[in-house]
Amino acid sequence: MKNDLINQSVDYINKSKVIVAFTGAGVSAESNIPTFRDDDGIWQKYNPQLLEINHFMANPADSWKVIKQIFYDKFANANPNDAHYAFMELERMGKLRSIITQNIDNLHQKSGSKNVIEFHGNSNKLVCTNCHQGYAIGEIDLNKDIPRCPKCFGILKPDFVFFGESIDQKIHNLAAREAQLCDLMIIVGTSGEVFPAALIPENAKFYGAKIIEINTKPSNYTNSLVDIFIEGKASRILKEIVNLYKQKYF
Ligand code: APR
């Protein structure tokens, strides 16, 4: 059964002209980065309120303490897994135009993918909440309770989207355009719970794209807009799909 779905997916990939991937935390789960809403997820251990922008500005020390634990301690030694490398290979073979990711862990780029649209930003950068100067993470000492801007001493925040913040308009428009242009979208490892990111696959479907979904369990998309649902871990399934594609068509 699963092999049949793998075969069908490979044929979709071969026939499609513009393929876009849409990824969530599940694509990095096998890189030992916890997801948000699984049983062992981040929001089971930490209050998402700590990443709400007004709470952050009122309690920067509390929020920064947790931000370091959740993101910086975890991400520091995380490496891409076979799912990230599978997407990089598809891009190299000219069979993936872009990846729209909700993840801020930089693992798609670390695996060699070039065209990555980071819908929720990236944890590798910090930005001053006062003068908006940007900094690479390595330029700032995170051991301070509240990392501050070397220029104006303003509070620094990670350059990813907090709850209560809007998505960068350019990024939003770019992602919407990719969804509109693609004739195949591959959704990997997302629950489809967070908006407006969750609308991206719906956008693709509306404009006529076929949808393949890879997830360890059904998501908000599975019964509504997915053409092929392959249940299982992203790294193994994507590796199988890419290997079979190379064997048959490349
Ligand atoms: N392979 C494939 N899918 C997996 C794997 C795996 N190894 N492990 C978990 N999953 C799936 C889960 O079944 C779930 O559907 O990944 C999904 C993770 O869902 P969430 O934890 O909700 O993460 P995500 O969808 O990326 O969250 C979106 O919410 O908190 C915000 O900004 C945060 O970008 C994040 C957004």
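In each ligand, atom 1 is the first atom listed, and ligand 1 is the first ligand listed.
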Exercise for the section: Look at the aromatic rings of Phe119 and His172 and report parallel, tilted or perpendicular, splitting at 30° and 60°. Expected result: tilted
Exercise for the section: Fit a plane to each ring of Trp43 and Phe163, take the angle between them on a 0 to 90° scale, and name the class: parallel (under 30°), tilted (30 to 60°) or perpendicular (over 60°). Expected result: tilted
Using 4.0 Å as the upper bound for N to carboxylate O, is an ion pair formed by [Y] and [X]?
| X | Y | value |
| --- | --- | --- |
| Glu91 | Lys114 | no |
| Lys15 | Asp183 | no |
| Lys110 | Asp105 | no |
| Asp145 | Lys68 | no |

Output block, N or O contacts of ligand 1, threshold 3.5 Å exclusive:
unit_1	atom_1	unit_2	atom_2	d
ligand 1	1 (N)	Ala234	N	2.9
ligand 1	7 (N)	Glu30	OE2	2.9
ligand 1	10 (N)	Thr216	OG1	3.3
ligand 1	13 (O)	Asn215	OD1	2.7
ligand 1	13 (O)	Thr216	OG1	3.2
ligand 1	13 (O)	Lys217	NZ	3.0
ligand 1	15 (O)	Asn215	OD1	3.4
ligand 1	15 (O)	Asn215	ND2	2.9
ligand 1	16 (O)	Gly189	O	3.3
ligand 1	19 (O)	Ser191	N	3.4
ligand 1	21 (O)	Phe36	N	2.7
ligand 1	21 (O)	Arg37	N	2.7
ligand 1	22 (O)	Arg37	NH1	2.7
ligand 1	22 (O)	Ser191	OG	2.6
ligand 1	25 (O)	Thr190	OG1	2.7
ligand 1	25 (O)	Ser191	N	2.9
ligand 1	25 (O)	Ser191	OG	3.3
ligand 1	26 (O)	Ala25	N	2.8
ligand 1	27 (O)	Arg37	NH1	3.0
ligand 1	29 (O)	Arg37	NH1	3.1
ligand 1	29 (O)	Arg37	NH2	3.0
ligand 1	30 (O)	Arg37	NH2	3.2
ligand 1	30 (O)	Trp43	NE1	3.0
ligand 1	34 (O)	Gln102	O	3.2
ligand 1	34 (O)	His120	ND1	3.0

